[in-house]
Number of protein chains: 2
Amino acid sequence: MTMATVNNGVNVQALLDAREALKGAPEATQFTWRASCKWQTGTYSKTTLRGFFGLGQEQQHKTETSFEADHPEIFAAEDRGITPIEYVLVGLAGCLTAGVAAVAQNRGIQLRSVESKLEGKMDIRGILGMDSDVRMGYDDIKVTFKIDADASKKDIEAIVAQSQKRSAVYDVITNPVNVTVEVL
Amino acid sequence: MTMATVNNGVNVQALLDAREALKGAPEATQFTWRASCKWQTGTYSKTTLRGFFGLGQEQQHKTETSFEADHPEIFAAEDRGITPIEYVLVGLAGCLTAGVAAVAQNRGIQLRSVESKLEGKMDIRGILGMDSDVRMGYDDIKVTFKIDADASKKDIEAIVAQSQKRSAVYDVITNPVNVTVEVL
């Protein structure tokens with residue numbers, strides 16, 4: 001066994017301990033993630049994140065972070081940030097990658113590198129209102145991992161499959177989520 | 001009519017012209033958005049975006065942009081970026097806000113400010129593997145807009161509803177998307 005020497009930088013023991021501790025405190029597992037957005041001009045906006053709620057109380061990220069979104073020049077906009085739909089790929093990439101590291105750690109497999117390419121296909125006839133049968137968002141997303149690790153191809157595929165199964169962002173994209181939009 | 005003086009910074013005429021031009025070129029409306037992710041350590045990753053495909057050829061954002069994702073300290077991680085699931089809120093905020101500006105422009109309504117708050121609720125028993133009946137991602141997302149514009153409450157609500165209807169990210173979150181994950 002080489003498990004003791006495996007270090008992917010994920011504190012799996014702390015997560016397993018948390019799971020035990022949370023068994024007696026169901027309200028502590030209810031999280032609320034938050035963001036605030038301000039329109040700048042045109043299709044350009046800035047979204048800021050800092051606080052969230054979890055473990056029964058208000059929490060904060062170490063720093064406040066802001067993200068810019070815009071449309072590209074080929075949509076007659078000024079490309080002051082990536083498009084909103086590309087942020088979905090950013091979230092999916094980060095979620096699956098964190099999961100790969102955590103699952104590998106839990107299985108005693110040392111990772112050397114984890115890279116992925118994501119491609120999301122969409123037909124813009126939807127958002128342009130050209131054809132009501134065409135959906136607005138992605139038809140299809142493809143994620144391709146290239147992983148260098150102390151494990152067989154089969155074990156690596158099993159790690160990726162487990163990460164996918166436990167991924168919050170993968171779930172949100174592949175299954176419907178209830179979204180309510182209100183105007184104050 | 002005051003439509004000529006309305007300027008929300010969205011070139012609606014260019015979009016209407018594009019719609020006409022694209023009617024004869026169905027292959028030009030097929031877009032592929034792309035991202036590349038590199039694992040750093042633990043749950044920390046960096047995702048980079050630059051090129052995409054659309055209007056029948058390779059396109060590029062003006063600049064390459066990278067985004068960091070991590071887990072927060074309360075999950076025994078180092079909080080070197082927002083969590084992947086928060087990027088979903090960033091995308092939704094940017095998409096609905098750009099839509100509000102575009103729809104208002106098209107309807108001749110001057111916007112003065114558009115702000116929104118987003119809240120995504122999830123029960124972390126899912127991702128921690130504590131209860132297989134609990135989903136991994138958001139149960140529910142709430143978006144609240146506060147809009148100052150030269151329009152009635154009813155007209156503002158109609159703008160937001162139309163933005164929601166045409167939003168790529170709203171579609172991806174509220175409806176299932178096919179995602180394929182492969183290992184090279």
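Every chain is numbered from 1 and lettered A, B, ... according to where its sequence line falls, protein lines coming before strand lines.
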Next on the checklist: One thing to verify: whether A/R135 and B/D171 come together as a salt bridge, which I'm taking to mean a side-chain N less than 4.0 angstrom from a carboxylate O.
Outcome noted: yes
Next on the checklist: Quick check: A/F31 with B/F75 (ring centres under 6.0 Å apart)?
Outcome noted: yes
Checklist entry - Is there a side-chain contact between B/K142 and A/E182, using heavy atoms and a 4.5 Å cut-off? => result yes
Checklist entry - Looking at side-chain heavy atoms only, is the closest gap between A/L49 and B/V90 below 4.5 Å? => result yes
Item to check | Region of B/Y170 that comes under 4.5 Å of a non-hydrogen atom in chain A | outcome: side chain
Checklist entry - Which residue out of B/T97, B/T43, B/V181 racks up the most heavy-atom pairs below 4.5 Å with chain A? => result B/V181
Checklist entry - Is any side-chain heavy atom of B/V172 closer than 4.5 Å to a side-chain heavy atom of A/I85? => result yes
Checklist entry - Do B/V177 and A/D140 touch side chain to side chain, with heavy atoms closer than 4.5 Å? => result no
Item to check | Under 3.5 Å: donor-acceptor pair, side chain of A/K62, backbone of B/E78 | outcome: yes
Checklist entry - In Å and rounded to the nearest 0.5 Å, what is the CG to OG distance from A/L89 to B/S36? => result 10.5 Å
Next on the checklist: Under 4.5 Å from any heavy atom of chain A, what part of B/I147 do you find: side chain, backbone, both or neither?
Outcome noted: neither
Next on the checklist: For a quick check under 3.5 Å, do B/E73 and A/H61 share a side-chain donor-acceptor pair by atom type?
Outcome noted: no
Next on the checklist: Which atoms of B/Q40 are under 4.5 Å from chain A, going by heavy atoms: the side chain, the backbone, both sets, or neither?
Outcome noted: neither
Checklist entry - Counting N and O atoms only, with roles assigned by atom type, does the side chain of B/R19 sit under 3.5 Å from a partner on the main chain of A/L128, one being a donor and the other an acceptor? => result yes
Checklist entry - So, do A/L111 and B/W39 sit near enough that their side-chain heavy atoms are less than 4.5 Å apart? => result yes
Checklist entry - Are A/V143 and B/T180 side-chain neighbours, meaning at least one heavy-atom pair lies under 4.5 Å? => result no
Item to check | Side chains of B/K38 and A/V114 in contact at under 4.5 Å (non-hydrogen atoms) | outcome: no
Checklist entry - Between B/E119 and chain A, which part of the residue has a heavy atom less than 4.5 Å away: side chain, backbone, both or neither? => result both
